[in-house]
Amino acid sequence: MAPSATPDSPPSTPNPDIEEENSLQPFFVLHKAIPQKSERKASGPGKTRRKIDLSPTSPKSAKKSKVEAIEEEDDDHHYEKLRIEAFDLIWSRIETTIKDVLREINVNVFDDIHHWVRQCFSTIRSSGTPGVSEITRSYPLFTDLTCRQIFTGLVFTKNVEFVDDLLTFQELGEHLKSCGCHVCNLSSLDFSIKNGLGGCLRSLLRQLVMVTPDAADIAILASWYSEEGNCSNPLVVIIDEMERCSGSVLAEFIMLLSEWVIKIPVIFIMGVTTTVDAPRNLLPSNALQKLCPCKFTLGSPAERMDAIVDAILLKSCFGFTVGYKVANFLRNYFLKQDGTVTSFVRALKIACAKHFLEEPLSFMASGLLEDDSQSFWKEKCVHLPERMLKCAFNLPSCEKNKLAEETGENLANGLSDLKNSVNNWTSVLLCLYEAGKFQNMQLLDIFCEALDPALYKLNALDNKVEIGSDSAKPSSADHCLLDGQSSGPRKGSFIFQAVRRVKDLPLVSLSQLFKTWRKYSEGITEFCEKVKELQSMLRHEDNGKSLKRDAGDTLKRPSRSALNTEDMKKVNHKVAILMQHMVRKYLKPIECVPFHEIICFKHIDILQSALIGDPRRKIQFNLLNSRNYLQCNCCNKSGSALVPSMHDTSIMYTLAQEHGDLINLHDWYQSFKTIVLQPSKKGKQKVKQSPSSKKGKFTNDSQDTSEASIQARFCRALTELQITGLFRMPSKRRRDFVQRVAFGL
């Protein structure tokens with residue numbers, strides 16, 4: 001890095017600490033701030049003056065304010081520690097739940113793979129088990145062609161990115177190991193041209209035999225497998241990403257193991273992300289003839305994402321959730337990252353960390369993890385200081401819902417109401433999702449829409465319909481939604497489609513839907529009772545149909561069919577009205593509930609900056625505003641003017657703002673030289689006090705030396721600006737100009 005110029009006001013007394021502080025190291029980009037005079041005197045040797053306080057406040061009040069400041073600082077440190085502990089506790093549970101959910105999604109496929117592995121092993125052993133003398137020989141057994149094929153399981157992951165697959169195949173290996181199989185996990189790096197066949201065998205021996213020989217020999221593996229306790233279980237080789245392997249190396253590996261398949265009953269499991277033709281496009285025909293493939297399919301990224309959203313974001317017991325804008329950003333981030341669940345989890349962790357860092361009262365969210373949250377909050381809120389209570393009741397969500405008193409008891413009650421509201425919102429949303437499954441809706445889509453506060457305010461109309469009474473008539477708003485006459489964001493929305501889909505469900509689908517609704521609506525008594533009534537009504541209609549079928553009157557069957565259709569339409573309409581009523585009453589987004597800021601993260605700008613970032617903009621801002629960070633004496637005295645003590649790169653970039661797309665190097669250098677050679681007052685006095693010719697000769701020599709050093713500093717700073725991506729170096733056509741690459745902030 002380019003060195004900065006010498007400051008104008010060095011300390012009057014030499015101090016090794018100050019000299020060490022001002023000495024520039026190669027990794028410093030900007031020079032460090034010069035300490036204030038009071039700090040230099042305090043750090044220097046000798047006696048220090050006692051500072052006299054001339055403020056009008058009395059000594060007692062000053063002492064009291066100082067004590068209060070110390071207490072507040074201790075409280076801030078205490079609550080910061082509580083926030084860190086709450087984050088560690090909450091995110092550890094979230095992360096564990098995500099791993100369990102992903103493992104549970106794949107457990108059925110893992111069981112099928114293990115069952116297939118055992119069948120393949122039995123098939124290999126059915127041709128006969130070689131004796132110990134045959135196994136220990138250093139050449140393979142020659143049998144018919146069918147027995148020399150390797151059973152290969154092609155696991156289709158449906159992922160574009162292989163980041164998620166790494167964890168999946170690692171868990172598959174652990175699952176097979178727990179079932180008694182010998183497992184070796186190989187990556188595409190093991191099948192590179194650089195490593196060759198020897199690299200594959202060394203990795204195989206390192207994981208199974210626990211040795212790394214200098215010369216990789218397949219006979220070592222055969223000798224290990226012949227030992228007692230090893231030959232009774234199959235040997236599974238997992239290749240997580242087949243398409244990324246070198247085709248020639250993989251083909252050579254397959255040809256080698258196929259010759260030893262009787263001695264070493266190896267079974268391949270290969271991850272495939274594209275199509276069934278992937279092995280045919282990668283391997284030659286002679287290697288393909290050695291494989292006996294079988295197809296397995298893992299869950300899609302959309303299914304994994306729905307499972308994560310259901311287990312994490314729809315449960316208030318974790319103490320963390322996201323707002324509408326953040327949820328949409330995470331959804332788009334997931335889709336733009338090709339459906340990579342790993343990127344979504346990373347973004348969710350950043351949002352969680354930022355929430356507990358920014359929100360002072362976020363430590364209260366850990367109460368949601370307790371079985372008795374009400375008692376936990378009452379105990380915590382009673383001991384909160386007054387300023388923390390004031391901070392809680394001054395949240396934006398509480399401005400329109402001011403409580404009678406700003407007490408800890410009211411805060412605890414507000415948090416309990418928040419938890420109940422989130423639970424009701426979750427129950428209704430899951431009921432909507434069950435209805436939307438008949439149209440292949442994704443939970444993430446309907447989840448993001450249900451968080452929209454604007455949609456809730458639009459749907460919060462008159463709610464005077466008494467669901468369940470035959471005489472009750474739906475409101476005009478209900479007719480608009482159910483008949484498809486709604487306008488604006490409601491028409492065509494996922495919630496709109498889910499409610500409309502209920503009107504067209506057949507009898508069997510309605511019965512199945514009511515079973516899931518009763519499971520999700522246990523916390524809402526009103527909803528649960530209405531579902532039971534509709535369920536009994538549906539059973540009555542079903543029994544009537546069965547009795548009429550037994551009558552066997554074929555002549556009147558068309559009229560009865562029309563009558564039954566009308567009855568079913570009435571039932572479906574009542575179900576749709578019930579769903580619409582529950583949406584309006586209980587589907588209240590968390591951003592519309594008081595105190596939601598304590599558990600809800602909705603600062604999308606912070607998350608965008610953390611995930612996407614804008615390093616070039618940040619570099620420009622820091623170069624133009626270096627004095628705001630340093631706050632040294634020379635920069636403070638100069639105001640907005642450039643001074644020689646500033647870093648060379650900062651001076652040059654500030655001067656570049658006066659030019660356009662192209663900057664003349666000569667003009668830029670002259671401006672830089674003018675700033676660097678600005679004489680100080682002390683320097684002028686020294687020149688006037690040395691009129692001798694010898695002194696003048698020394699001054700000329702120093703000027704010649706400074707000219708060369710200035711050019712070197714100019715070139716060094718220009719190179720730094722090029723490395724940061726702000727400027728493009730001169731081309732052959734225009735050697736005297738540089739081009740700006742970045743403009744504006």
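- Annotation: side chain of Met441 is not in contact with side chain of Leu432 (no heavy-atom distance under 4.5 Å).
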Q: Start with the C-alpha gap between Leu587 and Met582, add the side-chain angles, then the distance that decides, and say whether side chain to side chain contact (heavy atoms under 4.5 Å, CB included) holds.
A: CA-CA 7 Å; Leu587 199 67; Met582 304 310 296; over 6 Å; no

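- Of all the heavy atoms in Leu607 and Ala347, the pair that sits closest is CD1-O, 3.7 Å.
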Q: Might you work through the side chain to side chain contact (heavy atoms under 4.5 Å, CB included) test for Leu430 and Trp425, ending with a clear yes or no?
A: CA-CA 9 Å; Leu430 290 175; Trp425 177 86; over 6 Å; no

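- Within 6.0 Å of CD on Glu409 lie no more than 12 heavy atoms contributed by other residues, nucleotides or ligands.
- With a 4.5 Å cut-off on side-chain heavy atoms, Phe87 and Cys352 count as touching.
- Of the inter-residue distances, the one linking Leu357 atom CG with Lys354 atom NZ reads 6.5 Å to the nearest 0.5 angstrom.
- Taking Ser375 as the reference, Asp372 meet the side chain to side chain contact (heavy atoms under 4.5 Å, CB included) condition, with sequence neighbours excluded.
- At a threshold of 4.5 Å between non-hydrogen side-chain atoms, the residues Ile604 and Asn328 do not count as touching.
- Minimum interatomic distance between Leu443 and Leu314 (heavy atoms only, all atoms of both residues): CD2-CD1, 3.9 Å.
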(Q) With salt bridge (charged side-chain N to carboxylate O under 4.0 Å, His left out) as the criterion, how do Lys349 and Glu95 come out once you've worked through the C-alpha distance, each side chain's angles and the decisive distance to 0.1 Å? (A) CA-CA 9 Å; Lys349 183 176 182 179; Glu95 192 173 26; 5.1 Å; no

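- A pairwise comparison of heavy atoms in Ala412 and Cys381 identifies N-SG, 3.9 Å as the closest pair.
- At a threshold of 4.5 Å between non-hydrogen side-chain atoms, the residues Phe376 and Met364 do not count as touching.
- Remark: Tyr433 pairs with no residue by the ring-ring contact (aromatic ring centres under 6.0 Å, His included) rule, at least two apart or across chains.
- Distance alone, capped at 3.5 Å, places no donor-acceptor pair between the Thr340 side chain and the Ser343 backbone.
- Here the side chains of Glu359 and Leu395 are in contact, with some heavy-atom distance below 4.5 Å.
- The ring of Phe527 has its center no closer than 6.0 angstrom to the ring center of Tyr586.
- Taking 4.0 Å as the cut-off between side-chain N and carboxylate O, Lys99 and Glu171 do not count as a salt-bridged pair.
- Side-chain contact between Phe356 and Glu80 is absent, with no heavy atoms from C-beta onward closer than 4.5 Å.
- The distance from atom CG of Leu330 to atom NZ of Lys325, rounded to the nearest 0.5 Å, is 14.5 Å.
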Q: Give the C-alpha distance, both sets of side-chain angles, the deciding distance and a yes or no for side chain to side chain contact (heavy atoms under 4.5 Å, CB included) between Glu526 and Lys585.
A: CA-CA 11 Å; Glu526 176 190 5; Lys585 188 172 182 181; 3.0 Å; yes

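- With no hydrogens or angles considered, no side-chain donor-acceptor pair links Glu597 and His355 at under 3.5 Å.
- Put simply, the side chain of Asp452 never gets that close to the backbone of Cys448: no donor and acceptor are under 3.5 Å apart.
- A pairwise comparison of heavy atoms in Asn424 and Gly523 identifies OD1-O, 4.3 Å as the closest pair.
- The main-chain N or O of Ile495 is found under 3.5 Å from a side-chain atom of Glu449 such that the two form a donor-acceptor pair.
- Around atom CD of Glu85, more than 12 heavy atoms belonging to other residues, nucleotides or ligands sit under 6.0 Å away.
- Residue Ser626 holds its OG atom at 11.0 Å from CZ of Phe621, rounded to the nearest 0.5 Å.
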Q) Which is it for Thr407 and Asn410 under the side-chain hydrogen bond (donor to acceptor under 3.5 Å, both in side chains) test, yes or no, and what are the steps along the way? A) CA-CA 5 Å; Thr407 60; Asn410 287 337; 3.2 Å; yes

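- Centroid-to-centroid, the aromatic rings of Phe363 and Tyr79 come within less than 6.0 Å.
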Q. Could you go step by step and tell me if His581 and Lys530 meet the side-chain hydrogen bond (donor to acceptor under 3.5 Å, both in side chains) rule?
A. CA-CA 11 Å; His581 172 71; Lys530 299 302 179 184; over 6 Å; no

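- A side-chain donor from one of Ser373 and Lys419 sits under 3.5 Å from a side-chain acceptor of the other.
- For the pair Phe318 and Leu368, the minimum side-chain heavy-atom distance is 4.5 Å or more.
- Shown here is Gln608, whose CD atom has more than 12 heavy atoms of other residues, nucleotides or ligands within 6.0 Å.
- Using bins of under 30°, 30° to 60° and over 60° for the plane-to-plane angle, the ring pair Phe393/Phe595 lands in the perpendicular bin.
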Q: For the pair Gln170 and His175, evaluate side-chain hydrogen bond (donor to acceptor under 3.5 Å, both in side chains) and give the outcome as yes or no after the intermediate values.
A: CA-CA 9 Å; Gln170 182 181 357; His175 180 79; over 6 Å; no

Q: Tell me, with the steps shown, if Glu591 and Ser397 meet side-chain hydrogen bond (donor to acceptor under 3.5 Å, both in side chains).
A: CA-CA 8 Å; Glu591 294 184 57; Ser397 60; over 6 Å; no

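- For the pair Ser509 (side chain) and Leu505 (backbone), a donor-acceptor distance under 3.5 Å is absent.
- For the pair His596 and Val593, the tightest heavy-atom approach, listed with the atom from each and the gap, is ND1-O, 2.9 Å.
- Counting all heavy atoms, side chain and backbone alike, Ala576 lies closest to Val502 at N-CG1, 4.1 Å.
- A salt bridge links Lys437 with Glu434: at least one charged nitrogen is closer than 4.0 Å to a carboxylate oxygen.
- Ring pair Phe320/Phe601 is tilted by interplanar angle, where 30° to 60° counts as tilted.
- One distance of note links CD of Glu303 with CD1 of Ile308; it measures 12.5 Å at 0.5 Å rounding.
- Note that CZ of Arg500 and OG of Ser493 are 12.0 Å apart. Values are rounded to the nearest 0.5 Å.
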Q | side chain to side chain contact (heavy atoms under 4.5 Å, CB included) between His573 and Lys503, worked out | A | CA-CA 6 Å; His573 190 71; Lys503 294 186 63 179; 4.0 Å; yes

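- Between Pro594 and Cys398, the closest side-chain pair of non-hydrogen atoms falls below 4.5 Å.
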